[in-house]
Amino acid sequence: FWRIFSYDPEQGKPDFDKLCDVSLEEIPKLAKGATRVHIRSLNDQECHVTSKPGTDPILRLRQGLSMNLRVNGDGITKENVNQLWEGTPAALEHMVGASDTESNHTISYSF
């Protein structure tokens with residue numbers, strides 16, 4: 001496992017200079033050798049999600065893209081989030097996003 005980034009609530013965005021094991025450029029390379037993505041809260045270790053093997057989250061990371069959309073560009077909805085992720089209910093709520101046509105919404109993966 002590699003810590004890819006830590007979210008800084010004061011900045012309101014990921015802080016790639018803190019607590020990182022890899023550079024932003026290395027993420028797609030690591031994703032090519034992975035089958036799943038695991039995300040957990042720094043504040044609550046019991047709050048976590050893991051992508052289902054070979055699904056959109058890891059496929060998008062392999063392309064150097066964010067995980068807030070499906071491979072086809074559609075948003076992640078309450079109806080399809082369980083097709084992609086498994087985890088605690090509170091964490092799954094954070095994985096629901098918007099499509100590119102709705103906004104430039106970016107999911108914060110810190111919860």
Side-chain angles (χ1 to χ4, degrees):
F1 291 97
W2 292 273
R3 182 185 308 264
I4 294 176
F5 70 83
S6 177
Y7 184 80
D8 184 345
E10 291 180 18
Q11 292 185 39
K13 62 182 182 179
D15 186 344
F16 292 100
D17 296 324
K18 291 183 182 175
L19 301 174
C20 296
D21 292 339
V22 298
S23 71
L24 198 52
E25 294 78 27
E26 290 178 273
I27 294 171
K29 294 174 190 171
L30 290 172
K32 285 184 172 106
T35 58
R36 302 174 79 161
V37 178
H38 181 75
I39 301 169
R40 68 174 170 80
S41 170
L42 291 175
N43 298 326
D44 180 2
Q45 306 272 327
E46 298 301 315
C47 186
H48 61 88
V49 293
T50 303
S51 65
K52 294 186 178 179
T55 57
D56 295 10
I58 193 68
L59 297 175
R60 286 186 55 91
L61 274 184
R62 289 175 185 163
Q63 297 173 23
L65 302 171
S66 69
M67 297 178 290
N68 66 317
L69 298 174
R70 305 287 309 258
V71 170
N72 65 6
D74 289 346
I76 298 173
T77 65
K78 290 180 182 180
E79 291 76 27
N80 66 29
V81 69
N82 290 314
Q83 295 170 6
L84 307 173
W85 297 97
E86 53 195 24
T88 59
L92 286 170
E93 287 180 26
H94 288 275
M95 305 316 294
V96 175
S99 70
D100 280 334
T101 57
E102 292 176 10
S103 68
N104 289 328
H105 179 76
T106 302
I107 289 181
S108 163
Y109 294 109
S110 68
F111 32 83

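Worth saying up front: this structure is predicted, and the values here are computed from it rather than measured.
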If you round to the nearest 0.5 Å, how far is [atom2] of [Y] from [atom1] of [X]?
| X | Y | atom1 | atom2 | value |
| --- | --- | --- | --- | --- |
| K29 | L61 | NZ | CG | 14.5 Å |
| I76 | H94 | CD1 | NE2 | 14.0 Å |
| D56 | N72 | CG | CG | 7.0 Å |
| T50 | L84 | OG1 | CG | 13.0 Å |

- Backbone of N68 reached by a side-chain donor or acceptor of R60 within 3.5 Å: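 Not a single qualifying donor-acceptor pair exists.
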- Sub-4.5 Å side-chain heavy-atom contact between T35 and I58: no
- Item | Set of residues satisfying salt bridge (charged side-chain N to carboxylate O under 4.0 Å, His left out) with respect to E86, sequence neighbours excluded | R36
- Item | Residues in side chain to side chain donor-acceptor pair (under 3.5 Å) contact with E25, at least two apart in sequence or another chain |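 Testing E25 for side chain to side chain donor-acceptor pair (under 3.5 Å), a comparison that skips the adjacent residues, returns S23.
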Minimum heavy-atom separation for [X] to [Y], with atom names?
| X | Y | answer |
| --- | --- | --- |
| G64 | P28 | CA-CG, 3.6 Å |
| V49 | A91 | CG1-CB, 3.4 Å |
| W85 | M95 | CZ2-CE, 3.5 Å |

- Message: Suppose we screen for side chain to side chain contact (heavy atoms under 4.5 Å, CB included). Which residues come up paired with T77, at least two apart in sequence or across chains?
- Response: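 So T77 forms a side chain to side chain contact (heavy atoms under 4.5 Å, CB included) with E79, N80.
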- Message: Checking E93 now: which residues fulfil side chain to side chain contact (heavy atoms under 4.5 Å, CB included) with it, not counting sequence neighbours?
- Response: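 Not a single residue meets the side chain to side chain contact (heavy atoms under 4.5 Å, CB included) criterion with E93.
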- Message: Side-chain heavy atoms nearer than 4.5 Å, only ILVMFWY residues, links allowed to pass through others: does that put L65 and I39 together?
- Response: no
